[in-house]
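Note that the coordinates shown come from a computational prediction; the quantities given were computed from them, not determined experimentally. Each chain gets a letter, A, B and so on, in the order the sequences are listed, and its residues count up from 1.
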Number of protein chains: 2
Amino acid sequence: MEKNRALDTLSALAHDIRLDVFRCLVQAGPEGMAAGEIAQALQIRPNTLSNNLTLLSHAGLVRSTREGRSIRYFAEMATMTALLGFLLRDCCGGRAELCQPILDQIACEC
Amino acid sequence: MEKNRALDTLSALAHDIRLDVFRCLVQAGPEGMAAGEIAQALQIRPNTLSNNLTLLSHAGLVRSTREGRSIRYFAEMATMTALLGFLLRDCCGGRAELCQPILDQIACEC
DNA sequence: TCCATATTTCATGTTTAATGGAAATAAAAT
DNA sequence: ATTTTATTTCCATTAAACATGAAATATGGA
């Protein structure tokens with residue numbers, strides 16, 4: 001990931017509602033959620049949610065498909081992992097013994 | 001990490017100059033860099049850098065110690081890993097087979 | 001003590017982003 | 001065809017963040 005895309009991604013996540021929406025979709029997993037379901041779960045007005053979903057989408061953090069009159073959204077984990085890779089790049093200047101303890105702490109809590 | 005601290009951390013990083021500064025310090029490693037060295041390396045005015053360092057510091061992403069008339073800054077990797085843990089929390093709803101491919105892609109490039 | 005260097009703080013004008021109401025589009029049901 | 005439901009777009013107002021010049025603080029040297 002290049003810097004400008006990393007900035008877009010970070011800006012998209014650095015927002016109260018959008019962080020909630022993204023994490024909601026992360027937890028929903030591959031089934032995703034319809035916009036209306038998200039709005040109800042998080043108590044957000046539909047236009048506010050729509051604006052924020054558009055922003056998340058431009059940042060590549062979510063993707064969507066129409067399903068009848070609903071639109072279903074999914075978290076795009078590949079973008080998240082690309083961001084994490086960017087943030088950790090050159091984290092130890094080639095000294096793996098400095099880097100490994102950091103990586104060890106990143107663990108999926110499932 | 002709780003949500004509000006995650007938001008602070010993301011907001012701190014979601015800024016052109018601050019992302020550069022943080023990554024500069026990440027790459028500098030445990031030796032850190034004096035404020036003036038950072039300013040020179042990235043061509044930033046001293047007061048602008050100072051404001052942004054203060055913000056990074058409040059977000060817990062850097063720490064500093066005075067050294068003569070300079071002040072030396074260091075990246076705080078523990079905060080970064082805490083953020084990554086927060087972003088990945090419940091990423092697979094307990095289904096490790098969904099989660100593992102994501103974790104496999106996060107690798108230190110050293 | 002007085003000066004030079006390193007960094008921070010303050011005040012301010014400008015830009016940028018967020019909010020929410022109202023209207024518009026899109027699909028399905030009657 | 002008309003209505004209902006789901007979602008988006010448009011727009012105006014409000015609020016927040018940013019960069020910058022100038023002054024202040026802190027340390028070390030002459």
More than 12 heavy atoms from other groups under 6.0 Å of CD on B/Gln40: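 No, not enclosed.
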Measure the distance from [atom1] on [X] to [atom2] on [N] and round it to the nearest whole Å.
| X | N | atom1 | atom2 | answer |
| --- | --- | --- | --- | --- |
| B/Ile44 | D/dT20 | CD1 | C1' | 14 Å |
| A/Ile38 | D/dA6 | CD1 | P | 14 Å |
| A/Arg45 | C/dA18 | CZ | C1' | 13 Å |
| A/Glu67 | C/dA26 | CD | C1' | 15 Å |
| B/Gln43 | D/dA19 | CD | P | 16 Å |

Result of checking A/Val21, A/Asn52, A/Asp20 against A/Ile44 for side chain to side chain contact (heavy atoms under 4.5 Å, CB included):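 Passing option: A/Val21.
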Can you name the one residue among B/Glu76, B/Arg72, B/Met77 that meets side chain to side chain contact (heavy atoms under 4.5 Å, CB included) with B/Phe74?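 When side chain to side chain contact (heavy atoms under 4.5 Å, CB included) is applied between B/Phe74 and each of B/Glu76, B/Arg72, B/Met77, only B/Arg72 qualifies.
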NZ or CZ of B/Arg23 within 45° of A/Phe86 ring axis and under 6.0 Å: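 Cation-pi check for B/Arg23 and A/Phe86: passes.
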How would nucleotides 1-14 of chain C be written as a contact map, 5' to 3', with B for base contact, S for sugar-phosphate-only contact and - for no contact, using protein heavy atoms under 4.0 Å? ---BBSSBB-----
Can you list, in residue-number order, the parts of residues 3-31 of chain A that come under 4.0 Å of DNA chain D, counting heavy atoms only?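 Residues of residues 3-31 of chain A under 4.0 Å from DNA chain D: none.
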Looking at side-chain heavy atoms only, is the closest gap between B/Asp8 and B/His58 below 4.5 Å?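 Sidechains of B/His58 and B/Asp8: no contact.
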Looking at every non-hydrogen atom in both residues, tell me the closest pair between B/Leu10 and A/Leu13 and how far apart they are.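 Here B/Leu10 and A/Leu13 meet closest at CD1-O, 3.7 Å.
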Report the C-alpha distance between A/Leu19 and B/Lys3 in whole Å, list the side-chain angles of each, state the deciding distance to 0.1 Å, and finish with yes or no for side-chain contact (heavy atoms from CB on, under 4.5 Å). CA-CA 9 Å; A/Leu19 185 56; B/Lys3 185 187 154 196; 4.1 Å; yes
Check whether B/Ser11 reaches the backbone of B/Leu7 with its side chain - one donor and one acceptor, N or O, closer than 3.5 Å.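 Looks like yes, one N/O pair under 3.5 Å.
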